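Working notes for the structure below.
Remember, it's a predicted structure, so these values are computed and weren't measured experimentally.
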Amino acid sequence: FHPGSGTVDHPVFVHNPHLEEMKDDILYHFGLGTGTHNLPAMFGDVKFVCVGGSPWRMKSFTEYIAAELRMEDPKSEYPNICAGTDRYAMYKVGPVLSVSHGMGIPSIAIMLHELIKLLHHAHCTDVTIVRIGTSGGIGLQPGTVVVTKQSMDATFLPKFEQVILGKTVVRNTDLDPSLAEELLQCSKKLNQFETVIGNTMCTLDFYEGQARLDGAFCSYTEKDKQDYLNKASEAGVCNIEMESSVFAAMCKLSGLRAAVVCVTLLDRLNGDQLNNSQDVLHTYQQRPQILVGYYIKEQLKKMSRS
């Protein structure tokens, strides 16, 4: 069952003729493989995948979702499925898979290649994938949750560029508009925190790439920074992070229904450093989990009724 689209099963696409010719496919950075693991048995029932930067946060999301779906036994331990590697962490509860992706485009791209192949080898269908994370806001109250409409590069264009065989390949970064709208409606029902739909700027760096004044190097003025962030705001950019562009591009290519849900930890127009207490930041970081957890619960209720 795919929300809003009847009962047609949507598989996960891999666009690679070479995979057919391989006897075994080793998902090296997960410590999994088609020859060593029964991927359909382990992952065939997955309908929702949540990804986020930190292994610790993805484990806490799994514990949270288990409690929300009432699937947990209080004594449950959720083992890290990728314990054979220290690159990424992966946890599963029922139809929900939770995977860490590290920081930045290269790290999440490697993870997504192997995740998309894993879902393909496991014959998963109708998978919805959400990146939950943190970001810097532009002109928003800290703690606001942004559901990404389009991911933009640092020149405010909605595209992801990658060099393949020495040539620049440009890919589209649109995300599923109906999924974004459903998440916004869920937030209205929850009524716990402000949520907006807006564009997200994806950068290659946390410091100079995001116009911060507090890195090891800085060759521009406070005014230059403010001018740049105001231009971003005029282009509809609500927040800045470091993974959404390649996430949007790869999910679109593989036919995955995808969303990016990030909380803003600060308003970058007012400063660069996170000076809130750890408790406040922790509360903010839980907001994308709460929203996506609520969405998953609602979808599972619909599925059980159909």
Is the backbone of Arg87 close enough, under 3.5 Å, to the side chain of Thr85 for a donor and an acceptor to pair up by distance? yes
Distance-minimising heavy-atom pair for Gly293 and Ile65: CA-CD1, 3.4 Å
Keeping to residues at least two apart or across chains, list the ring-ring contact (aromatic ring centres under 6.0 Å, His included) pairs with something in residues 44-66. Trp56-His282
Is there a side-chain contact between Tyr88 and Ile110 in this structure, where contact means two heavy atoms from C-beta onward sitting under 4.5 Å apart? yes
Can you see which heavy atom on Val292 is nearest to which on Cys50, and at what distance? CG1-SG, 3.6 Å
Give the table of side-chain donor-acceptor pairs shorter than 3.5 Å for residues 26-44, with sequence neighbours excluded, one pair per line with atom names and distance.
residue, atom, partner, partner atom, Å
His29, ND1, Glu114, OE2, 2.6
Thr34, OG1, Asp25, N, 2.7
Thr36, OG1, Gly33, N, 3.4
Thr36, OG1, Gly33, O, 3.4
His37, ND1, Gly33, N, 3.4
Asn38, OD1, Ala41, N, 3.1

Cluster link Val260 to Leu157, ILVMFWY, side chain under 4.5 Å: no
So, using ring pair (Phe, Tyr, Trp, His ring centres under 6.0 Å) as the criterion, who are the partners of Phe156 when residues are at least two apart? Tyr228
Looking at side-chain heavy atoms only, is the closest gap between Thr134 and Cys262 below 4.5 Å? no
Keeping to residues at least two apart or across chains, list the salt bridge (Lys or Arg N to Asp or Glu O under 4.0 Å) pairs with something in residues 194-223. Lys223-Asp227
List the atom of Cys82, the atom of Met90, and the distance in Å for their closest heavy-atom pair. SG-CB, 3.5 Å
Can you list everything that forms a side chain to side chain donor-acceptor pair (under 3.5 Å) with Lys149? Sequence neighbours excluded, please. none
Tyr220 with Leu269, same ILVMFWY side-chain cluster at under 4.5 Å: no
Between Lys225 and Arg268 (side chain of the first, backbone of the second, donor and acceptor by atom type, cut-off under 3.5 Å), is there such a pair? yes
Smallest heavy-atom separation, Ala89 atom then Asn80 atom, equals CA-OD1, 3.5 Å
Salt bridge Arg70-Glu68, side-chain N to carboxylate O under 4.0 Å: no
As an exercise, state the distance from CG of Leu184 to OH of Tyr295, rounded to the nearest 0.5 Å. 13.0 Å
Residue pairs meeting ring-ring contact (aromatic ring centres under 6.0 Å, His included), one or both in residues 102-145, sequence neighbours left out, come to none
Does Asp86 have any side chain to side chain donor-acceptor pair (under 3.5 Å) partners at least two apart in sequence or in another chain, and if so, which? none
Per-pair distances, 0.1 Å, donor-acceptor, side chain in residues 244-253, under 3.5 Å, sequence neighbours excluded:
residue, atom, partner, partner atom, Å
Ser244, OG, Ser151, OG, 2.8
Ser244, OG, Glu241, OE1, 2.7

Side chain Lys92, main chain Gly94, donor-acceptor under 3.5 Å: yes
For Arg257 and His10, does a side-chain donor sit closer than 3.5 Å to a side-chain acceptor? no
Name the residue from Ile116, Ile129, Val130, Val12 that meets the side chain to side chain contact (heavy atoms under 4.5 Å, CB included) definition with Val49. Ile129
Ile132 and Leu291: side-chain contact (heavy atoms from CB on, under 4.5 Å), yes or no, with the steps? CA-CA 10 Å; Ile132 55 176; Leu291 176 52; over 6 Å; no
With rounding to the nearest 0.5 angstrom, report the CG to OG1 distance, Leu183 to Thr195. 9.0 Å
Take Thr148 and Asn199 through the test side-chain contact (heavy atoms from CB on, under 4.5 Å) and record every step on the way to the result. CA-CA 5 Å; Thr148 304; Asn199 295 333; 6.0 Å; no
Does a side-chain heavy-atom distance below 4.5 Å link Arg131 with Val261? no
Identify whether Met242 and Met111 are in the same connected component of the hydrophobic contact network (ILVMFWY, side-chain heavy atoms under 4.5 Å). no
Test item: side-chain donor near acceptor, Asp279 and Ser277, under 3.5 Å: no
To the nearest 0.5 Å, how far apart are CD1 in Ile240 and CE in Met152? 12.5 Å
Within a strict 4.5 Å, meaning less than it, do heavy atoms of the Lys47 and Val96 side chains meet? no
Considering residues at least two apart in sequence or located in another chain, which fulfil the side chain to side chain donor-acceptor pair (under 3.5 Å) criterion with Thr221? Asp224
Checking the side chain of Ser135 only, and the main-chain atoms of Val263 only, is there a donor and an acceptor separated by less than 3.5 Å? yes
Would you say Val145 and Val280 are hydrophobically clustered, going by side-chain heavy atoms of ILVMFWY under 4.5 Å? yes
Do Leu266 and Asn275 come close enough that some side-chain heavy atom pair is under 4.5 Å? no
Ile105 side chain reached by Leu204 side chain, heavy atoms, under 4.5 Å: yes
Which ILVMFWY residues are connected to Phe13, directly or by a chain of links, through side-chain heavy atoms under 4.5 Å apart? none
Mind listing the closest non-hydrogen atom pair of Met71 and Pro95 along with its distance? CE-CD, 4.1 Å
Close side-chain approach of Val146 to Thr200, heavy-atom, < 4.5 Å: yes
Do any N or O atoms from the side chain of Lys117 and from the backbone of Leu19 form a donor-acceptor pair under 3.5 angstrom? no
Looking only at heavy atoms, the pair that brings Ser98 and Thr62 closest together is CB-OG1, 3.2 Å
Does Glu243 use its side chain to pair, donor to acceptor, with the backbone of Gly104 at less than 3.5 Å? yes
So do Gln141 and Thr144 actually touch side chain to side chain, heavy atoms under 4.5 Å? yes
Is there a donor-acceptor contact under 3.5 Å linking the side chains of Thr203 and Gln210? yes
Between Lys301 and Glu298, does any side-chain N to carboxylate O distance fall below 4.0 Å? yes
Checking the side chain of Asp267 only, and the main-chain atoms of Gly139 only, is there a donor and an acceptor separated by less than 3.5 Å? yes
Applying ring-ring contact (aromatic ring centres under 6.0 Å, His included), which residue pairs with at least one partner in residues 179-207 are found, sequence neighbours left out? none
Find out if a path of hydrophobic residues (ILVMFWY) with successive side-chain heavy-atom gaps under 4.5 Å connects Leu112 to Val169. no
Look at the side chain of Asn276 and the backbone N and O of Leu281, then say whether any donor-acceptor pair between them is shorter than 3.5 Å. no
Taking ILVMFWY side chains as joined if any heavy atoms are under 4.5 angstrom apart, and letting links pass through other members, which residues group with Val163? none
